[in-house]
Asker: 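I'd like to ask you about the structure that follows.
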Amino acid sequence: AQSVTQLGSHVSVSEGALVLLRCNYSSSVPPYLFWYVQYPNQGLQLLLKYTSAATLVKGINGFEAEFKKSETSFHLTKPSAHMSDAAEYFCAVTLRGSNYKLTFGKGTLLTVNP
Amino acid sequence: EAGVAQSPRYKIIEKRQSVAFWCNPISGHATLYWYQQILGQGPKLLIQFQNNGVVDDSQLPKDRFSAERLKGVDSTLKIQPAKLEDSAVYLCASSLDRNPDTQYFGPGTRLTVL
């Protein structure tokens, strides 16, 4: 069975600072990994995905993530935080052959201070 | 292109009452998902439909939850009778095929059970 662990339920950064949201996965076979963002009272929006191609994945809104098999990690980064980045971020994993059932982490709430 | 529609957006009921949620996926999307998102947790898949057939309902509490997708288009999720622990946001998502990177989420229905 697959799982993801998001380190830090709440991350606070200053506007213009680096954003780093951590995600570690557990999987017996090569996984597909995703980052989603959820703004208040809205559904989830896909930020980026890793599906066994390039290990450095670029997504929307300037976010990127790097798949590191040796560290079983898929951390999300953005060089410079913007106020509009304040939201909850979820890491998710799925496996081929599992009906692509997504397993989500518990989420990390990002606060951006002016 | 219209997104995934859900109604109602909010619902407050007392325990032991019944409640139903409705979802209309994006036109042409064959796969439909219902997720439960409890406060402070990531979404958990309850049931997945492919057209009007069930693909995965392993995490659906079948003694009280039921779902249907007649005609392979819109879907209804029902809880009867509701318990306090059912308080959550119920998210509907759809995808054109089984690739999870194409899941589009609706805004959700926030259920409060008193």
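A note on names: the letters A, B, ... follow the listed sequences, proteins ahead of strands, and every chain is numbered from 1. Keep in mind that the numbers below use all heavy atoms, side chains included, and drop hydrogens, waters and symmetry copies.
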Asker: We want to know whether B:Q103 and B:Y35 form a side-chain donor-acceptor pair, criterion being a heavy-atom distance below 3.5 angstrom.
Answerer: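 B:Q103 vs B:Y35: donor-acceptor pair found between side chains.
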
Asker: Between B:G40, B:A93, B:C92, B:P43, who has the most heavy-atom pairs with chain A when the cutoff is under 4.5 Å?
Answerer: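 Answer, by heavy-atom pair count under 4.5 Å with chain A: B:P43.
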
Asker: Non-hydrogen atoms of chain A under 4.5 Å away: do they reach the side chain of B:T109, the backbone, both or neither?
Answerer: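 Contact with chain A is absent: no heavy atom of B:T109 under 4.5 Å.
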
Asker: With no hydrogens and no angle check, is any side-chain donor or acceptor of A:S14 less than 3.5 Å from a backbone partner on A:N113?
Answerer: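 Not a single qualifying donor-acceptor pair exists.
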
Asker: Using non-hydrogen atoms and a 4.5 Å limit, figure out which bit of A:E88 sits close to chain B: side chain, backbone, both or neither.
Answerer: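 Contact with chain B is absent: no heavy atom of A:E88 under 4.5 Å.
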
Asker: When the ring planes of A:F63 and A:Y89 are compared, do they come out parallel, tilted or perpendicular, using 30° and 60° as the limits?
Answerer: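 Taking A:Y89 first and then A:F63, their aromatic rings sit tilted (interplane angle of 30° to 60°).
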
Asker: Which atoms of B:Q6 are under 4.5 Å from chain A, going by heavy atoms: the side chain, the backbone, both sets, or neither?
Answerer: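 Neither part, no heavy atoms under 4.5 Å.
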
Asker: Please state whether the rings of B:Y90 and B:F65 are parallel, tilted or perpendicular, taking 30° and 60° as the class boundaries.
Answerer: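 Tilted: the ring planes of B:Y90 and B:F65 meet at 30° to 60°.
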
